[in-house]
Amino acid sequence: MNAHATLPSRLALVPFVSVAHMMQLVHHVGVETMLADLADSIERDFKRWEMFDKTARIPAHSPEGVIELMPTSDGEVYGFKYVNGHPVNMKSGLQTVTAFGLLADMHTGYPVLLSEMTMLTALRTAAMSALAARHLAPKGARTMAVIGNGAQSEFQCLGFKRVVGIDTVRLYDIDPAATEKCAANLAGSGLTVISCTSAEQAIEGAQIITTVTADKKLSTILTDNMVGPGVHINAVGGDSPGKTELHRDILLRSNIYVEYPPQTRIEGEIQQLSPDHPVTELWQVMTGATSGRTSQTEITLFDSVGFAIEDFSALRYVFAKALETGLYANLDMVADPDEPRDLFGMLMRAKG
Ligand code: NAD
């Protein structure tokens, strides 16, 4: 997608994609098509990785969770996401993860899109996981275990169905109500859905294991003896300092693939390893500079934490779709005096 083709340099009113617009947009495109489109958009941007300004996201930690800012730019377009991660929220009826994001024109600094990103984060995270698995999962993988059946889980299942060819998901959550919800939401999706009563049962016969749990601690969702040769692990829930899902011994047996090492070393499963433990950057697999899976017996691990370029790609996609469909509102969020230096005059003229 060309930056100039889709980003007007200056808009008096800023398009705003609300939650309601986003849901209409997803239904207009189709959930699975949108997941596939997002995977392709992210891959295109990962292939031009070196054009982006990159920085580990900026966190504000509290005992309950974290609020993060995730900025990036390709020199033409700037984007950032505001996102939180508060596993305790669920107990009081709130989401663990909420988000919104913005795109701006680098040449004027004017914002050109404000969008909800709670829904979009679930879509882009699933798209990124599925994209990584497209390069790393064993050939012919059909069955995926999904441990943690919360807000992200159905998106993950559908992303893997569409992008990787998964036809069976084996679900497990410490809360059976979450598994029941996930199974009900996936009814009619075309996936064979098997609800399990333990993580051990869920991983039986699975070529791909997705862990997508939420707890602000060093958890052990998978122990070393649970992971056999040839498996691809998509570890999504360990994404903050002191918040991991896998036993360290699994990491030592795996070939580990990451988004942006300076961020993943702080936030990912690999925070458990020495800072020089070898990892492969996914963008290099996508460009062909290095290989993904090379044998049917190696254990591949995508240590997902979520990186700003994925949100940038997702926002660019939504921007184009919103303009195409008209699914947005106009926000009066940038003061725009006729004479640029007469900001005060504009204020005075607005009186009474
Ligand atoms: P959620 O709170 O809606 O769901 C989490 C589920 O995990 C809950 O149903 C909970 O019962 C279950 N769970 C907790 N401990 C478990 C255990 N030991 N075994 C099995 N299940 C367990 O959260 P969500 O929005 O689905 O997010 C899940 C995780 O993914 C969070 O940790 C979040 O921070 C992370 N996340 C990562 C990315 C990324 O890009 N890597 C993006 C979004 C969310």
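First listed ligand is number 1; within each ligand, the first listed atom is number 1. Just so it is clear, the values below take in all heavy atoms, side chains as well, and ignore hydrogens, waters and symmetry mates. Start at 1 with the first residue, then count along the sequence. Computed from a prediction, not measured in an experiment: that's the story for all the values here.
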I would like to know whether Gln263 and Val305 meet side-chain contact (heavy atoms from CB on, under 4.5 Å); could you show each step before the answer?
-> CA-CA 8 Å; Gln263 184 180 310; Val305 291; 3.5 Å; yes
Do we see a donor-acceptor contact under 3.5 Å between the side chains of Asn234 and Gln156?
-> yes
Got the closest protein heavy atom to atom 35 (C) of ligand 1, with its distance?
-> Asp239 OD2, 3.4 Å
With atoms numbered from 1 as shown, which atoms in ligand 1 lie under 4.0 angstrom from a non-hydrogen atom of Arg124?
-> 40 (O)
Arg134/Asp40 ion pair, N-O < 4.0 Å = yes
With side-chain hydrogen bond (donor to acceptor under 3.5 Å, both in side chains) as the test, would you mind laying out the steps for Thr264 and Asp303 before giving the verdict?
-> CA-CA 8 Å; Thr264 312; Asp303 188 359; 5.9 Å; no
Which of the atoms in ligand 1, numbered in the order shown and given with their element, are less than 4.0 Å from a heavy-atom of Gly306?
-> 39 (C), 40 (O), 41 (N)
Kindly determine whether Asn255 and Thr300 satisfy side-chain hydrogen bond (donor to acceptor under 3.5 Å, both in side chains), including the steps that lead there.
-> CA-CA 5 Å; Asn255 290 331; Thr300 50; over 6 Å; no
Ignoring angles and geometry beyond distance, decide whether Val97 reaches within less than 3.5 Å of ligand 1 through its nitrogen or oxygen atoms.
-> no
Do any nitrogen or oxygen atoms of Ile147 come within less than 3.5 Å of a nitrogen or oxygen of ligand 1?
-> no
Please report which non-hydrogen protein atom sits nearest to atom 22 (C) of ligand 1, along with the residue it belongs to and the distance in Å to one decimal place.
-> Ile174 CG1, 3.3 Å
Nearest heavy atom to atom 7 (O) of ligand 1: which of Leu171, Thr213, Leu94 does it belong to?
-> Thr213
Enumerated ligand 1 atoms positioned under 4.0 Å from heavy atoms of Thr96 = 1 (P), 2 (O), 23 (O)
Salt-bridge present (Asp167, Lys161; N to O < 4.0 Å) | no
Near Ala178, which atoms of ligand 1 are under 4.0 Å from a heavy atom of that residue?
-> 9 (O)
Identify the protein heavy atom lying closest to atom 8 (C) of ligand 1, giving its residue, its atom name and the separation to 0.1 Å.
-> Asp173 OD2, 3.4 Å
Numbered atoms of ligand 1 (with element) below 4.0 Å of Thr125, judged on heavy atoms | 38 (C), 39 (C), 40 (O), 42 (C), 43 (C)
Please verify whether a non-hydrogen atom of Lys243 lies at under 4.0 Å from ligand 1.
-> yes
Would you say ligand 1 has an N or O under 3.5 Å from any N or O of Asp215?
-> no
Is Glu154 salt-bridged to Lys181, going by a charged N under 4.0 Å from an acidic O?
-> yes
Nitrogen or oxygen atoms of Ser304 and ligand 1 under 3.5 Å apart | yes
According to the interplanar angle, ranging from 0 to 90°, do the rings of Phe100 and Phe80 count as parallel (below 30°), tilted (30 to 60°) or perpendicular (above 60°)?
-> perpendicular
List every atom of ligand 1 that sits less than 4.0 Å from any heavy atom of Val305, numbering the atoms from 1 in the order shown and giving each element.
-> 39 (C), 40 (O), 41 (N)
So does Glu267 pair up with Lys243, basic N to acidic O under 4.0 Å?
-> no
Any idea which protein heavy atom is nearest atom 17 (C) of ligand 1, and the distance to it?
-> Ile221 CD1, 3.6 Å
Go through ligand 1 atom by atom and flag the ones less than 4.0 Å from a non-hydrogen atom of Gly150.
-> 3 (O), 4 (O), 6 (C), 9 (O), 26 (O)
Under the side-chain hydrogen bond (donor to acceptor under 3.5 Å, both in side chains) rule, what do His107 and Asp105 come out as? Steps first, then yes or no, please.
-> CA-CA 6 Å; His107 301 291; Asp105 185 279; 5.1 Å; no
With sequence neighbours left out, write down each residue that passes side chain to side chain donor-acceptor pair (under 3.5 Å) with Asn330, or none if nothing qualifies.
-> none
For the residue pair Ser313 and Asp45, confirm or rule out a side-chain donor-acceptor distance under 3.5 Å.
-> yes
Give the numbers and elements of all ligand 1 atoms closer than 4.0 Å to a heavy atom of Gly237.
-> 29 (C), 30 (O), 32 (O), 35 (C)
Can you check whether Tyr172 has an N/O within less than 3.5 Å of an N/O in ligand 1?
-> no
